[in-house]
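Below, chains carry the letters A, B, ... as their sequence lines are ordered, and counting in each starts from 1. Only heavy atoms go into these numbers, but all of them, side chains included; no hydrogens, no water, no symmetry mates.
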Amino acid sequence: MKNLRNLIKPKTKNTKEEIGKSLKNNLNNIKSILNNNSDLIIREFKISDNYSCALIIIDGLTSGDYIYDYLLKTLMIDIRTTNLLNNISTVNELFNNILDYMITLIDIKVSIYFEDILDYLLAGNSILIIDGVAKCFVIETKGFTDRGVVEATSQTVVRGPKDSFNETLRTNTMLIRRRIKDKNLCVTERKIGTITKTNIAILYIKGIAKKTIVDEVHKRLDKINIDGVLDSSYIEQLIQDHRYSVFPTIHNTERPDSAAGALLSGYVAIIVDGSPYVLIVPCLFLTLLQTSEDYYHRFHFGTFIRIIRFIAMFLTLLTPAIYIAITTFHQEMLPTPLLINISSQREGVPFPAFVEALLMEITFEILREAGVRMPRAIGSAVSIVGALVLGESAVQAGIVSAVMVIVVSITAISSLIAPTYNLGITVRLYRFFFILLAASLGMFGITIGLMILGLKLTSMKSFGVPYLYPLSPTNKEGLKDSIVRFPLWTIKKRPNLISDYNETRQEKSSKKKKKNRR
Amino acid sequence: MKHKHILLIFGFISCLFILTGCWGKKELDELALVSAIAIDESELGYLVSVQVMVPREIASDFSDELTTVKLFSDEGESLFQTIRKLTRDLPRKSYFTHLMAIIISENIAKDNMVEILDFFLRDPEVRPDVPIFIAKDTLAQDILNVLTHIEPIPASKIKKVGLNFQTNYYGVRDTTFLNLVTSIASAGVNPAIMGLTVYGNKNEGEKNVNIQEIEAKAAIKITDFAIFKNEKLIGWLNEDESRGYSYLIGEIKNTIITIPCDKNKTQNLEITSFKNKTKLKMENGKPIINITHQINSNIAQLGCSIDKNNYQKLEKLLEKEIIKDSQHTLNVIQKKFKSDVVGFGELIHRKKPVVWKKLNQNWDDYFVNLTVNLSAEIKINRPGVVDGDVIKKILK
């Protein structure tokens with residue numbers, strides 16, 4: 001339990017088995033390793049009469065067009081119309097000629113190890129083996145279906161690009177490349193997962209991203225030794241800083257524009273094949289409350305909406321707690337008319353405020369979970385039960401007070417405003433902690449809770465960057481783009497703890513332009 | 001091992017929450033929210049009445065046409081003891097943080113209020129800004145026995161009537177019990193606070209009938225100002241004197257001044273700003289105080305015609321009227337009550353501490369013969385929304 005990353009000890013690799021010269025043996029070997037799988041297709045054919053070959057693919061992972069047009073057709077038919085076959089004497093020469101002249105596909109490798117061949121085969125490549133050569137071609141013919149680039153579903157915007165990442169790594173890197181056409185955008189790939197062999201790409205802009213952070217990412221990824229990676233959250237959980245903290249220390253986005261924006265600021269993006277959520281490190285607390293849309297609207301609204309989000313976060317966190325604290329400990333804090341209103345509603349409610357709050361909050365959490373999990377077809381039934389039975393009828397039956405329903409509603413709506421879902425989750429969990437504190441110690445408890453929270457947040461770090469940066473440690477340039485958003489032309493530098501060199505974002509020219517505009 | 005420790009610590013911390021027993025916790029439906037308290041004299045010592053709000057009746061949605069408040073009273077030797085004695089009748093703990101009025105009977109005020117004020121000062125539940133009133137010509141309890149309508153909580157009506165009177169008519173300096181205590185405690189000033197009384201049929205006041213008809217059978221009204229000497233009530237200023245007292249202390253925000261001009265006819269001026277410029281001079285080692293009333297006003301209603309472009313005559317009349325009232329009150333408090341309710345002593349204390357050191361000992365005697373000169377600077381700004389002499393035109 002000490003370290004999840006070391007759960008599976010690194011396997012020392014045996015010396016790799018090389019492929020032999022005999023086609024038959026090789027094919028038998030592959031068949032036996034792959035347990036005669038039904039989606040394994042081996043096409044044996046001949047190039048002229050002397051040379052027998054075999055093309056091996058996994059059905060479904062490859063593009064049929066590629067294989068027909070550029071492999072089988074060229075090798076079986078087109079080759080006869082050339083004079084390539086006439087000049088060769090050995091099979092090795094044929095091998096080289098095919099590589100040099102015949103295969104009109106771009107990504108082609110030569111491999112000699114069984115293990116590599118199988119990895120490539122299972123990733124959607126085609127394997128071409130020629131009898132008598134102890135080498136084989138690994139030809140990139142991937143062609144599986146994916147969802148396509150569709151509109152973002154969980155991080156939506158009103159104004160701004162609508163496309164989102166999908167489950168294919170290559171599409172995702174393409175989406176970012178399309179936005180950042182710079183030679184310094186580095187994409188390094190690796191495989192993680194001893195069984196799933198998931199491709200993982202690390203993206204950063206050389207010269208902007210801090211080298212220590214990039215190295216740290218690589219170092220942490222190196223340590224992972226797990227059998228499977230099914231979503232980027234696996235990687236998130238295995239490389240995050242504070243593993244027991246409720247607060248997320250790795251940001252995620254499904255929007256290529258936010259990812260590109262983060263790269264421009266010096267962040268590092270981690271794309272995991274099979275996950276539409278791209279991880280972004282380091283993660284700062286404030287960035288969890290920001291969306292790319294803040295920059296697409298003009299700065300007044302950008303600032304306004306960020307402040308609203310901040311308020312909403314505190315509402316989610318504290319509304320039920322403050323309600324409990326005030327109604328059970330500090331009745332003097334309420335204005336008399338409000339107190340009378342609440343008091344008249346509380347008359348006849350059989351539970352203390354704490355139980356009442358807990359009851360409603362848990363009910364709402366159940367309702368929300370049901371909303372996510374239920375089949376779409378019964379959605380309306382659930383909303384009727386939720387809205388009418390749990391809201392209105394519960395009040396009329398005198399089980400809960402109307403104020404409590406309002407409190408829960410405010411909490412619920414506020415919690416949905418969090419631009420990243422995982423921050424919403426964090427705040428929802430902490431809310432129960434605060435309810436408990438408020439019920440036992442009142443406002444005093446809430447204050448203690450806030451102090452603990454503040455201390456916790458200030459002590460946290462994400463990939464070496466303080467979690468509350470640029471609030472603490474304070475950075476003047478960083479504050480321009482924090483809870484408020486200054487006009488774009490005033491944000492001239494990148495936050496210096498994230499990218500320590502190449503700080504300048506824009507030269508004076510942008511400002512001059514502005515003057516000219518006047 | 002490490003996890004065992006964490007679990008243990010977590011266990012201990014969660015015990016802390018449970019074992020406190022939620023100290024200080026009081027659910028809303030276990031409290032009797034006291035809106036007003038009235039204190040009368042009785043054979044035993046005190047007769048204490050608390051007006052408790054009935055939230056269900058006040059919040060209109062739930063109204064069952066029962067009274068919005070309930071009165072609980074009992075007698076006892078001391079104030080606090082009597083409040084606790086109320087538990088014989090009250091099913092919930094009385095809770096004083098939302099207290100809106102303290103009403104003290106004339107007899108108690110005449111006798112000794114210090115004990116009562118001490119309780120209110122010490123009690124953490126009572127806010128220092130609770131308005132305090134003296135019941136005139138009636139039991140304090142009777143005042144809490146009147147139902148009111150526009151403000152469904154009678155105590156709230158009392159509080160707001162006090163405020164409204166203060167801002168739109170004339171007022172006193174000592175409105176809250178903390179003011180009262182401060183005035184009692186300081187040497188150079190004596191308190192004066194508003195009086196309350198019940199007009200109409202006292203017996204009908206407590207019934208719902210009182211608020212079901214347009215005209216109330218009984219109503220709580222602000223009446224004369226009570227004058228104190230130190231902590232003891234010594235008398236009342238009548239309506240004109242009360243008004244004069246407000247001029248002297250400059251406690252006027254907006255008011256109306258009526259000047260008789262002809263037979264049964266009056267000129268009315270609305271005062272929009274009223275400030276006192278007070279100066280202290282020493283003549284032959286004796287302090288002389290000059291008060292200048294600086295007044296801005298508009299014409300509100302004319303009974304007699306005036307010169308259209310010349311308000312000087314009217315200004316003169318107003319000046320005379322105001323000085324007349326102030327002077328009269330000054331005479332009353334100097335000669336009749338011999339109590340420095342205006343706070344001239346405090347003024348001397350602040351401006352000439354050396355002189356005050358000498359006068360401090362027998363200030364009450366000295367005050368009687370203190371020279372106070374009154375003057376007024378009047379400005380009439382606007383004739384209202386009509387220009388010229390409307391009456392003259394109508395009469396033509």
Side-chain angles (χ1 to χ4, degrees), chain A residues 1-3 243-245 321 323-358 392 395-396 398 400-404 432-446 448-449 452, chain B residues 1-4 6 10 13-36 52-64 68-69 91-101 123-127 129-130 151-153 155-156 159-160:
Chain A
M1 238 344 237
K2 198 185 165 198
N3 196 335
R243 272 169 288 154
Y244 294 107
S245 169
Y323 172 77
I324 292 170
I326 289 184
T327 54
T328 54
F329 289 93
H330 319 282
Q331 290 89 350
E332 68 276 5
M333 280 179 72
L334 285 174
T336 314
L338 184 59
L339 178 78
I340 289 167
N341 261 335
I342 294 177
S343 182
S344 73
Q345 289 167 24
R346 289 276 304 137
E347 297 274 339
V349 173
F351 308 113
F354 168 62
V355 176
E356 195 190 355
L358 218 56
E392 194 135 1
V395 173
Q396 274 172 9
V400 290
S401 59
V403 193
M404 195 61 236
F432 287 103
F433 171 63
F434 274 95
I435 288 178
L436 198 70
L437 281 175
S440 52
L441 298 166
M443 276 294 182
F444 181 61
I446 294 179
I448 290 175
I452 293 173
Chain B
M1 261 325 266
K2 203 179 148 198
H3 289 273
K4 229 181 205 170
I6 291 172
F10 189 75
I13 291 174
S14 20
C15 276
L16 278 180
F17 288 117
I18 302 156
L19 292 179
T20 51
C22 305
W23 179 76
K25 168 178 168 270
K26 37 194 191 296
E27 287 289 333
L28 260 182
D29 43 18
E30 291 162 5
L31 296 175
L33 304 170
V34 176
S35 57
V52 175
M53 296 185 264
V54 188
R56 181 174 275 272
E57 295 308 318
I58 298 164
S60 50
D61 277 7
F62 298 95
S63 179
D64 298 329
T68 52
V69 288
R92 297 176 181 183
K93 188 189 177 296
S94 52
Y95 189 60
F96 282 89
T97 57
H98 287 267
L99 196 65
M100 286 182 273
D123 195 294
E125 280 186 9
V126 179
R127 295 176 194 218
D129 66 344
V130 182
E151 289 291 332
I153 310 160
S156 168
K159 182 183 175 181
K160 287 186 179 167

Quiz prompt | Lys/Arg-Asp/Glu bridge criterion (N-O < 4.0 Å) met for A:Glu332, B:Arg127 | solution =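 Looking at A:Glu332 and B:Arg127, the cut-off is not met.
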
Quiz item: For A:Arg346 and B:Glu27, which heavy atoms make the closest approach, and how far apart are they?
Solution: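 For A:Arg346 versus B:Glu27, the nearest heavy atoms are NH2-OE1, 2.9 Å.
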
Quiz prompt | Region of A:Pro337 that comes under 4.5 Å of a non-hydrogen atom in chain B | solution =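 Answer is neither: A:Pro337 stays 4.5 Å or more from chain B.
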
Self-check item: A:Glu392 atom CD, over 12 foreign heavy atoms within 6.0 Å
Solution: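 12 or below, so no.
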
Quiz item: For A:Phe432, does the CZ atom have more than 12 heavy-atom neighbours from other residues, nucleotides or ligands under 6.0 Å away?
Solution: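 Yes - once you tally the heavy atoms of other residues, nucleotides and ligands closer than 6.0 Å, there are more than 12.
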
Quiz prompt | All salt bridge (charged side-chain N to carboxylate O under 4.0 Å, His left out) counterparts of B:Lys160, not counting sequence neighbours | solution =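 Salt bridge (charged side-chain N to carboxylate O under 4.0 Å, His left out) list for B:Lys160, sorted by chain: B:Glu151.
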
Quiz item: Relative to chain A, which of B:Leu33, B:Thr97, B:Leu28 shows the most heavy atom pairs under 4.5 Å?
Solution: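 Greatest number of close heavy-atom pairs with chain A: B:Leu28.
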
Exercise. Could I get the full list of side-chain hydrogen bond (donor to acceptor under 3.5 Å, both in side chains) partners for A:Thr336, not counting sequence neighbours?
Key: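 Testing A:Thr336 for side-chain hydrogen bond (donor to acceptor under 3.5 Å, both in side chains), a comparison that skips the adjacent residues, returns B:His98.
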
Straight-line distance of [X] [atom1] to [Y] [atom2], nearest 0.5 Å:
| X | Y | atom1 | atom2 | value |
| --- | --- | --- | --- | --- |
| A:Ser343 | B:Ile58 | OG | CD1 | 8.5 Å |
| B:Glu57 | A:Ile340 | CD | CD1 | 12.0 Å |
| A:Gln345 | B:Arg56 | CD | CZ | 10.5 Å |

Quiz item: Are any side-chain N or O atoms of B:Lys25 and backbone N or O atoms of A:Phe329, one a donor and one an acceptor, separated by less than 3.5 Å?
Solution: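 Side chain of B:Lys25 to backbone of A:Phe329, a donor-acceptor pair under 3.5 Å: no, none is there.
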
Quiz prompt | Per-residue contact mode, B:Tyr95 against chain A (heavy atom under 4.5 angstrom) | solution =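 Contact with chain A: side chain only.
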
